[in-house]
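Working notes, structure below.
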Amino acid sequence: MRTHTCGELRLAHAGEQVALCGWVAHRRDHGGVTFIDLRDREGVVQIVFHPEDAPAAHAAAQELRGEWVVRIMGVVRERPEGMANADLVTGAVEVAATSVEVLNSAETPPFVIEDRTEADELLRLEYRYLDLRRPEMTRGLRLRHEINRTIREHMDPLGFLEVETPVLTTATPEGARDFLVPSRMFPGSFYALPQSPQQLKQLLMVAGQDRYYQIVRCLRDEKPRADRGLEFTQLDVEMSFAEEEDVMAVIEPLYARIVRETQGADVSTPFRRMSYDEMLERYGSDKPDLRYGMELSEFTELFEGSGFTSFAKVAADGGAIKGLVAPQGAAALSRKELDKLVEDAKGRGAAGLVWIAVEDEGALRSPVEKFLSDEERTGILERTGAGAGDLVCLVADRIDRTNVALDGLRRDLAARLDLISEDRWEFVWYFEPPLFEWSDDEVHPDPRSADPGTRLRGLGVVARRDRGEVRPPDPRVPLRSPAPRGDRVGDRPVGHADGREGCDP
RNA sequence: GCGCCUGUGGAGGAGUCCGGUCGUCCUCAUCGCCCUGUCAAGGCGAAGAUCGCGGGAUCGAAGCCCGUCAGGCGCGCCA
């Protein structure tokens, strides 16, 4: 059927008779000579039809349209002087067609099948088979493949067995809500799909399977977010007789290798290490993006008894006043954008946000400028080191809300001010996550670990890049299914996710 | 569960604050004609839309008000 893929042809193939199969990406008709860009998964190559050299093929080419599937016979040749296309890996050559066979015609696609497509994701999901033809989507699939392959190559020599655990399990009472699968054999009972395969770890560890891993799907029936779908893939590593350093000695080289082999970027090891508390103090988040600065500073005691009464009240009530400096933020942001920062902070649950623009000569411009004492002005400038053109943003609220608002602000400002080095990777280990977390009305166990054994020595790793953690930058790229439509009853499926009694299997 | 935003020819957007000149415009796609070296080809032309849906105020609505549906982002939730 075919002798080569479209994307593999190079100068070395010149002179060869080839047969190619692929999709018509573009047709360029010059009235005489006509070009087709033929695409398959491996890439794109230019096909040229000359009316004199191959009249039949040239005539057939006039009928071709976008996304038709064709088989081309022809001869690979070096492109004429000056006609090479450096943007294509196959750009040094072209295929002079001698015949065309239409394998399938196609309707006009509803959106452009190229990386530059701007079609709404809903439309792309509706025509998933078209969307997946886009090179970007192919890259996503390939990236996932490369990551998985790298993991397997890395883990095997270290003595880890790759295991599989059941997909149909029983519900566990903690953590996320389970997806449920009704059982035909046990009417009225449900299987639960795993939120995380770690729930099966004790079984294997106690059984003496002291080093294993799995690349495994996790499913959580929780409200999705931009960076979080209902299902995702996790690398689950378990090891017995290990200290923290042993775990890190396995993971750090693996992650560094994944980044090197799939992104071509170097990651320095050992990774940074930080306590959970320090992370929250400095970044307001347990998954901070460390590719840029804008660390948070604390001002709570500076505003104790302040004439700016709303801040003074927060300080008196045990809240926190924290802030950050956006370098040249005052110079870059319009008044409208500044107002938007305040609205976004409120949208994230904080009482508000106070921005202070530092002007030349250290003068301050702010909606609350007249409430600030001289001591507070110098205190703010000294602690932040803010200079002319910088923008200081302060949030005063209960500590958790202050952190949420400033974490969001920090990310928004980094994007707005173009502070993110996209090709950089910054990992960090964090230690000592809390055993309990505060809720509005109670204290309850922190759900981040289902296993009391690891809770005492919590250990997590975070690599903040784009929206992902250690996974493709856009987690929606590979393998996502369209959201289920209809057939929903309220917010949750019919059934009982949290108790054990409904889960015989 | 809550908040904010969005919905305009096949795709993406402008127009909406401040009603009439708007089914007006831009880029891409589609169709036709021209064109023998382009590669997001180019030139000329054409076709294509009950402005998400329903109701209301108005002489008059894409625009204002109410409702509703769909989607996005964030909070809660979630590791």
Side-chain angles (χ1 to χ4, degrees), chain A residues 25-39 44-53 58 65-67 79-88 90-91 94 96 107-127 130 174-178 195-196 198 218-232 234 236 276 286-287 340 342-350 400-401 404-405 407-409 411-412 430 433 437 439-440 446-451 454-455 458-462 467 469-470 476 483 485-486 490-492:
Chain A
H26 292 284
R27 183 170 64 96
R28 292 179 293 279
D29 178 0
H30 287 253
V33 65
T34 298
F35 301 98
I36 295 284
D37 288 340
L38 194 66
R39 178 187 66 234
V44 171
V45 69
Q46 173 165 286
I47 315 294
V48 58
F49 299 87
H50 274 287
E52 293 89 1
D53 301 348
H58 178 265
R65 292 295 182 272
E67 300 309 309
R79 290 198 188 188
E81 182 75 24
M83 300 301 166
N85 183 351
D87 294 333
L88 282 182
T90 61
E94 61 189 3
E107 292 177 13
T108 301
F111 55 86
V112 186
I113 315 283
E114 284 180 12
D115 283 349
R116 66 193 173 97
T117 193
E118 288 172 312
D120 187 83
E121 193 184 12
L122 201 69
L123 187 72
R124 290 168 42 205
L125 287 169
E126 188 176 344
Y127 296 93
L130 297 179
E174 81 298 324
R177 279 167 285 205
D178 295 298
Q195 315 160 15
S196 166
Q198 282 137 290
C218 307
L219 303 105
R220 295 179 179 147
D221 188 12
E222 298 291 350
K223 194 83 190 289
R225 286 289 161 77
D227 62 347
R228 188 181 84 205
L230 302 178
E231 56 178 292
F232 59 93
Q234 183 180 80
D236 173 32
Y276 180 89
D286 64 356
K287 47 183 191 305
K340 180 80 166 30
V342 178
E343 287 311 306
D344 288 346
K346 288 178 180 170
R348 290 186 167 106
D400 55 340
R401 288 198 283 255
V404 164
D407 171 40
L409 177 73
R411 285 183 278 117
D412 290 346
Y430 68 85
E437 65 174 7
S439 158
D440 278 341
D446 187 87
R448 78 193 64 232
S449 171
D451 175 9
T454 56
R455 222 186 253 172
L459 186 65
V461 64
V462 176
R467 300 152 155 186
E469 292 178 339
V470 186
R476 295 170 302 183
R485 298 183 165 284
D491 237 4
R492 302 172 61 169

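In what follows, chains are A, B, ... by sequence order, proteins preceding strands, each numbered from 1.
rU30(B) is paired with rA46(B) under the criterion used here, namely a Watson-Crick or G-U wobble arrangement in which both key atom distances are under 3.5 Å. Under the Watson-Crick or G-U wobble criterion, with both distances below 3.5 Å, rG23(B) has no partner in any strand shown. Across all strands shown, rC78(B) forms no Watson-Crick or G-U wobble pair with both distances under 3.5 Å. Searching all strands for a Watson-Crick or G-U wobble partner of rA57(B) with both distances below 3.5 Å returns nothing. The pairing partner recorded for rU68(B) is rG52(B), the criterion being a Watson-Crick or G-U wobble arrangement whose two distances lie under 3.5 angstrom. Nucleotide rC73(B) is matched to rG3(B) when pairs are restricted to Watson-Crick or G-U wobble geometry with both distances under 3.5 angstrom. Across the strands present, rG37(B) finds no partner; the criterion is a Watson-Crick or G-U wobble pair with both atom distances under 3.5 angstrom. Pairing partner, rU16(B): none, since no Watson-Crick or wobble contact has both distances short of 3.5 Å.
Comparing rC64(B) with rG19(B), their C1' atoms sit 8 Å apart, to the nearest whole Å. Here the separation of rA62(B) from rG15(B), taken at their C1' atoms, is 9 Å to the nearest Å. Spacing between rC25(B) and rC2(B) at atom C1', rounded to whole Å, works out to 39 Å. Across rG9(B) and rC51(B), the matching P atoms stand 9 Å from one another, rounded to whole Å. Across the P atoms, rC33(B) and rU38(B) are found 23 Å apart, a figure rounded to whole Å. Comparing the C1' positions of rC75(B) and rU16(B) gives an interatomic distance of 29 Å, to the nearest angstrom. The same atom, C1', is picked in rA46(B) and in rG63(B); the two are 30 Å apart, to the nearest Å. Spacing between rU8(B) and rC22(B) at atom C1', rounded to whole Å, works out to 11 Å.
Between E107(A) and R65(A) there is no salt bridge, since no side-chain nitrogen of the basic residue lies less than 4.0 Å from a carboxylate oxygen of the acidic one. Salt-bridge annotation for K287(A) and D407(A): absent, with no side-chain N of the basic residue lying under 4.0 Å from a carboxylate O of the acidic one.
Between H30(A) and F35(A), the distance separating the two ring centers is shorter than 6.0 angstrom.
A donor-acceptor contact under 3.5 Å links the side chain of R225(A) to the base of rG76(B). Judged by atom type and distance alone, E222(A) does not reach the base of rG76(B) through any side-chain donor-acceptor pair under 3.5 Å. If you check distances only, the side chain of R27(A) never reaches the base of rU38(B) with a donor-acceptor pair under 3.5 Å. The base of rC39(B) is paired with the side chain of N85(A) by a donor and an acceptor separated by under 3.5 Å.
In the set rC39(B), rU38(B), rG71(B), the nucleotide with an atom closest to the side chain of L88(A) is rC39(B). Closest contact between the side chain of D29(A) and the listed nucleotides rC39(B), rC35(B), rU30(B) involves rC35(B). Listed candidates were rA11(B), rU30(B), rC39(B). Nearest to the side chain of L123(A) is rA11(B). The listed nucleotides are rG10(B), rG76(B), rG37(B); the one nearest the side chain of P110(A) is rG10(B). Comparing atom distances between the V404(A) side chain and each of rC75(B), rG37(B), rA70(B) picks out rC75(B) as nearest. Of all nucleotides listed (rU38(B), rA29(B), rG12(B)), rG12(B) comes nearest to the side chain of D120(A). Closest contact between the side chain of D37(A) and the listed nucleotides rC2(B), rA29(B), rC39(B) involves rC39(B). Of the listed nucleotides (rG37(B), rC75(B), rC31(B)), rC31(B) has the atom at the smallest distance from the side chain of R65(A). The side chain of R28(A) lies closest to rC39(B) when the candidates are rG1(B), rC39(B), rG37(B). Nearest to the side chain of A176(A), among rG1(B), rC78(B), rA41(B), sits rC78(B).
Take the nearest nucleotide of RNA chain B for P80(A) and for K223(A): the residue whose nucleotide is more 5' is P80(A). Along RNA chain B, the nucleotide closest to Q46(A) and the one closest to A119(A) are compared, and the more 5′ of them pairs with A119(A).
For the pair E126(A) CD and rG10(B) P, the interatomic distance rounds to 13 Å; values are reported in whole Å. For the pair L230(A) CG and rC78(B) P, the computed distance is 15 Å after rounding to whole Å. What separates CG of D344(A) from P of rC75(B) is a distance of 11 Å, to the nearest Å.
Residue-level contact check: E107(A) touches neither bases nor backbone, having no heavy atom under 4.0 Å from any strand. Using a 4.0 Å heavy-atom criterion, one finds that H30(A) contacts the bases of the nucleic acid, with or without backbone contacts as well. Among the protein residues, A84(A) comes within range of the nucleic acid bases, having at least one heavy atom under 4.0 Å from a base atom.
Side-chain atoms of D53(A) and H58(A), non-hydrogen and from C-beta on, never get closer than 4.5 Å to each other.
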